[in-house]
Amino acid sequence: MAPTKTILRALAGETLPTPPIWMMRQAGRYLPEYRATRAEAGDFLSLCYNPELAAEVTLQPIRRYGFDAAILFADILLLPQALGADLWFVTGEGPRLSTITTQADFDKLKPVEEIDATLNPIYETVRILRCELPPETTLIGFAGAPWTVATYMIAGRGTPDQGPAHALKDENRALFEALLARITAGTIAYLSKQIEAGAEVVKIFDSWAGSLKGEDFQKYAIAPAREITAALKAQHPDIPVIGFPREAGDGYIGFAKTTGVDCVALDNSVSADWAASNVQVDGCVQGNLASSHMVTGGQALVDEARAIVKAFSGGPHIFNLGHGITPDADPDNVQRMIDAVRGP
Ligand code: CP3
């Protein structure tokens, strides 16, 4: 049956008169209602593992703005935690994890069969959302791509250049590849369970794909994305997959074809005109307004949003930011962006 929800139609390759719209990190600290619910939960991880409250924050931006999609409220680092890594968040700094640099560290990880013991609350959030979302709103599940998740598991934190992960790759390739294989298998199991619980689309976030060059990009960004996509589609033939190889540059060219994803999410380092001729030729694209416009607003926001809509108007397009909205964004600018995209 042909899909009726706008996001699913765009993902199926349809060119729509107005692109459907959602925003990375749309449930987040720029919204006062999010900050209130997070305070009620106690901290970020308690919020992720509380299905009622995680569903509530997922719904907040849908109520406020009527986005065409809701993204499950969770985090890409919950999978490492389910695999046995310690995980905590330092306020104002970001995530911290126990590190994996030796075979002994790797051997302590749990098998993929055990992840659901930790991740069951996430599937429950998905089930709640499928009951509570408006019928026209699409529910997106997600996970981190293996390389990006590995960069955090190896370094134990976010890193500007992913240095520790590159070092492990060069010094102990067997261990690096074993870790990537474990994350890949865990990601397939995790996303499959999200789909069974009711996720209608899944997105794979490869936030640090840009630091993989040449053959490394083929082996550690493209190959895992292809393996995950193929495994998911073998189990759930109709599930659309969005890939986000952030800052891949020329690596965006052909990414949909080589990985089998239905849509390529674009960061704002590539121009919409370039991406229309080089990436959208293969199918749906998502993006790519700079998140800084959500802070600065004004006519530049409106002009840039309209230019992106125009550049992608010849093919399937889902409007989004180039990366997550930041805590200092003005909630009114989000409405201005939506008005600019949807028109008067
Ligand atoms: O987009 C959404 O609204 C859905 C939920 C979501 C979160 N994180 C919630 C979150 C999604 C899809 C993510 C993905 C994620 N998490 C990525 C990939 C996308 C990207 O941003 O590149 C990465 C790298 C992470 C890991 C992570 N989580 C970091 C580095 C941080 C700290 C940085 C920051 O923004 O504070 C987080 C925390 C986090 N994840 C927050 C939210 C709303 C902020 C936590 C808080 O409330 O304090």
Side-chain angles (χ1 to χ4, degrees), residues 21-50 53-62 64-65 67 69-81 85 87-97 122 125-126 129 139-153 155-160 162 165 183 187 190-191 194 199 201-211 242-248 265-269 286-288 291 294 320-329 334:
I21 180 165
W22 69 281
M23 224 174 40
M24 282 186 266
R25 292 273 170 98
Q26 62 191 22
R29 287 161 291 181
Y30 73 105
L31 288 179
E33 58 268 37
Y34 170 85
R35 296 195 297 269
T37 310
R38 193 182 70 161
E40 189 187 334
D43 57 50
F44 173 64
L45 283 175
S46 307
L47 179 54
C48 290
Y49 288 115
N50 181 323
L53 295 183
E56 166 58 24
V57 293
T58 306
L59 290 164
Q60 286 168 351
I62 307 304
R64 193 190 258 256
Y65 301 113
F67 284 119
I71 183 159
L72 165 70
F73 189 83
D75 197 84
I76 67 163
L77 300 177
L78 305 185
L79 177 65
Q81 190 175 36
L87 172 69
W88 67 104
F89 280 80
V90 180
T91 311
E93 289 187 33
R96 294 288 184 274
L97 299 89
I122 311 306
T125 308
V126 173
L129 284 167
L139 179 60
I140 303 175
F142 74 94
W147 159 251
T148 287
V149 172
T151 65
Y152 289 95
M153 292 182 82
R157 58 192 299 161
T159 46
Q162 298 75 61
I183 301 168
T187 304
Y190 181 38
L191 289 177
Q194 291 183 29
V201 175
V202 293
K203 179 167 175 184
I204 305 167
F205 285 89
D206 210 349
S207 304
W208 299 118
S211 77
I242 304 173
F244 183 35
R246 191 170 74 89
E247 304 216 334
L266 303 159
D267 68 84
N268 52 275
S269 71
Q286 179 178 279
N288 67 341
S291 341
M294 297 299 100
N320 205 305
L321 303 177
H323 201 189
I325 187 168
T326 51
D328 55 345
V334 176

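Both counts, for ligands and for their atoms, begin at 1 and track the order of listing. Computed from a prediction, not measured in an experiment: that's the story for all the values here. Numbers for residues simply follow the sequence, beginning at 1.
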Residue part near ligand 1, for Thr148, under 4.0 Å between non-hydrogen atoms: neither

Part of His323 with heavy atoms under 4.0 Å of ligand 1, whether side chain, backbone, both or neither: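 Near ligand 1, His323 shows its side chain, while the N, CA, C and O stay back.
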
Write out the residue and atom name of the closest protein heavy atom to [atom], then the distance separating them to 0.1 Å.
atom	value
atom 48 (O) of ligand 1	Arg38 NH1, 2.2 Å
atom 32 (C) of ligand 1	Pro95 CD, 3.8 Å
atom 15 (C) of ligand 1	Arg25 NH2, 3.5 Å
atom 47 (O) of ligand 1	Tyr34 OH, 2.5 Å
atom 19 (C) of ligand 1	Ser207 OG, 3.3 Å
atom 11 (C) of ligand 1	Phe142 CZ, 3.6 Å
atom 23 (C) of ligand 1	Ile76 CD1, 3.5 Å

Under 4.5 Å between any side-chain heavy atoms of [X] and [Y], yes or no?
X	Y	value
Ile71	Gln26	yes
Asp75	Leu45	no
Glu56	Glu33	no
Asn320	Trp22	yes
Tyr152	Arg157	no
Asp267	Phe244	yes

Look at [atom] and find which of [options] reaches it with the closest heavy atom.
atom	options	answer
atom 35 (O) of ligand 1	Arg29, Gln60, Arg157, Met23	Arg29
atom 40 (N) of ligand 1	Asp75, Leu78, Leu77	Asp75
atom 31 (C) of ligand 1	Phe205, Phe89, Phe44	Phe89
atom 9 (C) of ligand 1	Gly28, Ala74, Gly324, Ser291	Ala74

Residues Gln162 and Ser211: side-chain donor-acceptor under 3.5 angstrom: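 Checked: Gln162/Ser211 side chains pair up, N/O donor to acceptor below 3.5 Å.
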
Main-chain N/O of Ser207 paired to Thr148 side chain as donor or acceptor, under 3.5 Å: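 Flag set: sc Thr148 to bb Ser207 pair under 3.5 Å.
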
Under 3.5 Å donor-acceptor, Gln194 side chain and Ala199 backbone: no

Numbered atoms of ligand 1 (with element) below 4.0 Å of [X], judged on heavy atoms:
X	answer
Phe73	43 (C)
Gln26	3 (O)
Leu72	4 (C), 5 (C)

Tyr152-ligand 1 polar pair, N/O distance under 3.5 Å: no

Ala27 touching ligand 1 at heavy-atom level, < 4.0 angstrom: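 Yes.
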
Partners passing ring pair (Phe, Tyr, Trp, His ring centres under 6.0 Å) against Phe142 (at least two apart in sequence or in another chain):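 Partners of Phe142 by the ring pair (Phe, Tyr, Trp, His ring centres under 6.0 Å) criterion, ordered by chain and then number, come out as Phe205.
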
Mutual orientation of the aromatic rings belonging to Phe73 and Tyr34 [parallel < 30°, tilted 30-60°, perpendicular > 60°]: tilted

